[in-house]
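Reading through the C-alpha cells given below for one structure.
Chain letters run A, B, ... following the sequence lines, proteins first and then strands; every chain starts at 1.
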There are 2 protein chains.
Amino acid sequence: MHLHKRDPKTEIVDAATTVLDNYGIADLTMRRLARELGVTPGALYWHFDHKQQLLGAVADRVLGPAYADAVGIDWRQRIAGMCSQLRDALLSHTDGAELVSGSFAAGQSRGMEHILALLAREAAEAGLAAGHAELAARTIVHYVLGATGDEQSRIQWDAAGALQTPGVTPTSGGHSPIDRLADQGGGFDFGLQLLLDGIAAPRLLPAMR
Amino acid sequence: MHLHKRDPKTEIVDAATTVLDNYGIADLTMRRLARELGVTPGALYWHFDHKQQLLGAVADRVLGPAYADAVGIDWRQRIAGMCSQLRDALLSHTDGAELVSGSFAAGQSRGMEHILALLAREAAEAGLAAGHAELAARTIVHYVLGATGDEQSRIQWDAAGALQTPGVTPTSGGHSPIDRLADQGGGFDFGLQLLLDGIAAPRLLPAMR
DNA sequence: ACCTGAACACCGTTCAAGT
DNA sequence: ACCTGAACACCGTTCAAGT
C-alpha cells in the first residue's frame, strides 16, 4: 500500500501528531505509527533518516502557532508574548513540552532555533551585546521548556487521576486551589518576570553588557 | 549467582554508574547492567520496582558531591556556589545532566528535591515570600539543568569528533576559542547572574514579593 | 519513486519455580 | 531472601527485492 496525500511527509507528520495527542510520546513509535498509516515500518525510513528526525518534524508542527510575531510596545512585552505563545503551543499537545525539549536538545527542531533567534533579537533590543543576548535567549528558552514541562506533567497526572476516581473533584485532592492558581500561568509569569528583571538590571558592568 | 557485597542495592548502583561513565545513558539498560553484574535481568527487579527508580538512585549518586553546604557571605554567593557544585557534579559523569533532568522530571530524585529546598531557603533569605521563593528555586534548577545539558552535549560531541579525526585540533573546527570560553563557565555564570539579578530586583511590587 | 518482507539486534517487565 | 528460566509484548533500523 502507498501513502497517497500530495506530500507523504505531511501525511506521516499528521498521523504522528494524532498518535501523540491520543496516546502520548511513549506510544509514538515507528512501528505504531506505521501500523496507523497502514504501512510497513521500513516505509517510514524512505521519508525520514531516523526517528529523531521525524520527531523533530512533529515538534516543528507543534510549534507552528508559536511563530506569530509578538506585538508589544517594548521588548519586555514582546518577549513575554512570545513565551506565552510558546507555552500555549506546548500545552496544546500531549507531552508537547517533552517532545520539543528533546527535539531541541537533539538539534532537530528548526522551529526552536527560529524562536531562539527571535528572543535573542529582543534581548539585543534590551541593550545586551550580541553574545550575551544569545545567552539570555537560551536562558529564557530553558526556563519556558522546563517550567511548561513541569506544569504539563502535573496537568496530565491530575487528569489521569480524575479519570480513575471520577467521584473526587480535583480541588479535593492533595493540591489546594492556591497550587492550581500558581500553576495556571501565575507561576509561569513569576519566573519569567524574574528573567526579564535580570535582563533589565543595570547592575552588570557596562563592559559586560 | 548472587550479588555479594554488603548491600546489593549499592553494588547495582555502583555498576550502573560505571556503565553510565563508560558507555552513556543509552547503553544503561536493565539487560546490559544485569550482564555486567553476572546476573539475570529479572534479578534487578527484586531490588528496584522499575528502571526509573534505579536511574533515580544513580542520579542521587551523581548528585552526592553537590550536597556540600555552600558557604558565602550573602545569598547570592551561596546560590552561585550551589549551582556551581551542581554543574560540576553533572559534568563529572557521562550524560549526567540528562540523567538527572529525567529523574527529576519523573519525580525519582530525592537529591534534586533536597537541592531545590536549599535554593528555596536562600531565595527566601533574599526577601521573597515562601511561594515565590520556591518558584524562583525551580527557575534556577531549570536553568542549571538546561544550560549544563547543552554544555555537556557539546563537550561530548566535540570529544567524539576529536577521537574520530585526531589530526584536527578542537580549535581548528567550527568552534572558535571565544565559543569555548563562553561554554567553560562563562556562559553559565552569565545566565545565572541574570537570574540572581532578577531575584534581587526591587521592581516587583512589595505585595508580589 | 516508493514500499514490502524479513531479518538483526536488541528492549522492560513478570512470575512460577528453584535454592 | 534472592535469583533463574523463560516467556510476553514490544522496540529502531537495514536492505534486497518487488512494483
Side-chain angles (χ1 to χ4, degrees), chain A residues 1-20 22-59 94-95 98-99 102-103 105-109 160, chain B residues 1-20 22-59 94-95 98-99 102-103 105-109 160:
Chain A
M1 202 202 269
H2 270 228
L3 298 167
H4 46 288
K5 282 201 182 160
R6 328 150 183 197
D7 185 6
K9 242 164 176 158
T10 302
E11 186 178 3
I12 293 173
V13 174
D14 284 352
T17 307
T18 301
V19 172
L20 179 71
N22 293 332
Y23 307 99
I25 198 172
D27 285 335
L28 182 42
T29 67
M30 298 300 267
R31 296 180 106 102
R32 173 75 191 264
L33 179 57
R35 207 191 314 144
E36 216 86 16
L37 284 163
V39 108
T40 263
L44 299 175
Y45 288 88
W46 179 262
H47 303 282
F48 295 92
D49 289 342
H50 41 255
K51 190 186 182 184
Q52 270 299 350
Q53 188 172 97
L54 198 162
L55 289 182
V58 180
T94 308
D95 297 327
E98 194 181 330
L99 170 75
S103 297
Q108 298 288 348
S109 174
Chain B
M1 204 201 269
H2 270 229
L3 298 168
H4 46 289
K5 283 203 181 158
R6 327 155 185 191
D7 185 4
K9 242 163 174 156
T10 303
E11 186 178 2
I12 293 171
V13 174
D14 284 352
T17 307
T18 301
V19 172
L20 179 71
N22 292 331
Y23 307 99
I25 200 173
D27 285 336
L28 182 42
T29 67
M30 298 301 266
R31 297 182 105 102
R32 172 76 191 263
L33 178 56
R35 207 192 313 146
E36 215 87 17
L37 283 163
V39 107
T40 263
L44 299 175
Y45 288 87
W46 179 261
H47 302 282
F48 296 91
D49 289 342
H50 40 256
K51 188 186 181 184
Q52 269 298 351
Q53 188 172 97
L54 200 162
L55 289 183
V58 179
T94 308
D95 297 328
E98 195 181 328
L99 170 76
S103 296
Q108 299 287 346
S109 173

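- For the pair Ile12(B) and Phe48(B), the tightest heavy-atom approach, listed with the atom from each and the gap, is CG2-CE1, 3.8 Å.
- Taking the C1' atoms as reference points, dC15(C) lies 14 Å from dC2(D), given to the whole Å.
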Expected list for residues 23-33 of chain B: side-chain donor-acceptor pairs under 3.5 angstrom, two or more places apart:
residue	atom	partner	partner atom	Å
Thr29(B)	OG1	Arg32(B)	N	3.0
Arg32(B)	NE	Glu36(B)	OE1	3.3

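- With rounding to whole Å, Trp46(B) atom CH2 is found 17 Å from dG5(D) atom C1'.
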Could you list the protein-to-nucleotides 14-19 of chain C atom pairs, N/O on both sides, closer than 3.5 Å?
none

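- At whole-Å resolution of the value, CG in Leu44(A) and C1' in dT4(C) are 13 Å apart.
- Remark: C1' of dC2(D) and CZ of Phe48(B) are 14 Å apart, rounded to the nearest angstrom.
- With a 3.5 Å limit on both pairing distances and Watson-Crick or G-U wobble geometry required, the stems of 3 or more pairs in DNA chain C span C:4-8 with D:12-16, C:12-16 with D:4-8.
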Problem - Leu55(A) and Gln108(A): CA distance, side-chain angles, deciding distance, side-chain contact (heavy atoms from CB on, under 4.5 Å) verdict - result: CA-CA 8 Å; Leu55(A) 289 182; Gln108(A) 298 288 348; over 6 Å; no
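- OP1 or OP2 of dA1(D) has not a single side-chain nitrogen or oxygen of His47(B) nearer than 4.0 Å.
- Atoms CG (Leu54(B)) and C1' (dT13(C)) sit 14 Å apart, rounded to a whole Å.
- Nearest to the side-chain atoms of Arg32(B) among the listed nucleotides dT4(C), dC11(C), dC11(D) stands dC11(C).
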